[in-house]
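Report on the structure given below.
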Amino acid sequence: MEGEPTRVMVAVSESTIKGYPHASISSRGAFEWTVQKIVRSNTSGFRLLFLHVQVPDEDGFDDMDSMYASPEDFRNMNHRDKVRGLHLLEYFVNRCHEIGVACEAWIKKGDPKEVICREVQRVHPDLLVVGSRGLGPFQRVFVGTVSEFCVKHAECPVVTIKRKADETPQDPVDD
């Protein structure tokens, strides 16, 4: 399809260090790499597709001080999660508009590795870019890696972008 922009999906997540609405180190790195190394000055030749996957709390009460809840508590949690995800995506959408790259952004809930692969299957991007925290083998056993799963299971080419050494927090699991 000549004339169609190349569609690059970038999976993004929030920072576990700073919290919402800040983008994780890996997400910012994946985005910046995509802009600098793929898009470059050909802004009209690309469309960036930002996917943020929110991981639901197992019990839904991480931020509550009580084990009792009202229907209002659940409405507030759902609203808070939606707002946080929108703030995160706003960062990337604003950056795209600053440099003149077309983009789309959306939020899904679930296990990030499974949701990303399912969205790749649904949307059919030309390329998937994911950040990688660069965990060692011991940490991968306990934390798992979304990027490795996507490389093996996504139905499109996948590029993983490692964090820069000077951006690695004291605990590499943090991002």
side-chain contact (heavy atoms from CB on, under 4.5 Å) for V146 and I116? Distances and angles first, verdict last. CA-CA 9 Å; V146 172; I116 292 168; 3.7 Å; yes

Closest non-hydrogen atom pair between P125 and C156, with its separation: O-CB, 3.7 Å

Evaluate side-chain contact (heavy atoms from CB on, under 4.5 Å) for V130 paired with L128, printing each intermediate quantity in order. CA-CA 7 Å; V130 293; L128 171 64; 3.9 Å; yes

Close side-chain approach of I38 to L127, heavy-atom, < 4.5 Å: yes

From R118 CZ over to E155 CD, what is the distance, rounded to the nearest 0.5 angstrom? 12.5 Å

Side chains of K108 and E119, heavy atoms from C-beta outward: is any pair under 4.5 Å? yes

Would you indicate whether the side-chain heavy atoms of R95 and E32 approach each other to under 4.5 Å? yes

Side chains of V8 and V129: closer than 4.5 Å at any heavy-atom pair? yes

Check the pair F50 / W106 against side-chain contact (heavy atoms from CB on, under 4.5 Å), numbers first and verdict last. CA-CA 6 Å; F50 296 102; W106 66 100; over 6 Å; no

Pairing donors with acceptors under 3.5 angstrom, does anything connect the side chains of S13 and S24? yes

If you take all heavy atoms of S147 and G131, which pair is closest and at what distance? CB-O, 3.9 Å

CD (Q36) and CD1 (I99) are apart, to the nearest 0.5 Å, by 9.5 Å

Assigning hydrophobic clusters by single linkage (Ile, Leu, Val, Met, Phe, Trp, Tyr; side-chain heavy-atom cutoff under 4.5 Å), is V159 placed with F149? no

Please say yes or no: joined through hydrophobic side-chain contacts below 4.5 Å, possibly via intermediate residues, are V93 and V12 part of one cluster? no

Are the side chain of D126 and the backbone of T6 linked by a donor-acceptor contact shorter than 3.5 Å? no

Taking C-beta and beyond as the side chain, do M9 and L51 meet within less than 4.5 Å on heavy atoms? yes

Considering non-hydrogen atoms only, spot the tightest contact between L89 and H52 and give its length. CD2-CB, 3.9 Å

Stepwise, does the side-chain contact (heavy atoms from CB on, under 4.5 Å) test hold for I107 with Q54? CA-CA 7 Å; I107 301 169; Q54 292 179 326; 3.7 Å; yes

Between SG on residue C103 and CZ on residue F92, distance to nearest 0.5 Å: 11.0 Å

Would you say that P112 contacts V55 through its side chain, given a criterion of any heavy-atom pair below 4.5 Å between the two side chains? yes

Salt bridge between K113 and E148, side-chain N to carboxylate O under 4.0 Å? no

With sequence neighbours excluded, give me every salt bridge (Lys or Arg N to Asp or Glu O under 4.0 Å) pair touching residues 33-51. R47-E104

Contact check, side chains of Y91 and R28, non-hydrogen atoms, under 4.5 Å: yes

Give a yes or no answer on whether the side chain of S27 reaches the backbone of A23 with a donor-acceptor pair at less than 3.5 Å. no

To the closest 0.5 Å, what do you measure between CD1 (I161) and OG (S132)? 9.0 Å

Any donor-acceptor pair under 3.5 Å linking the side chain of R7 with the backbone of V123? yes

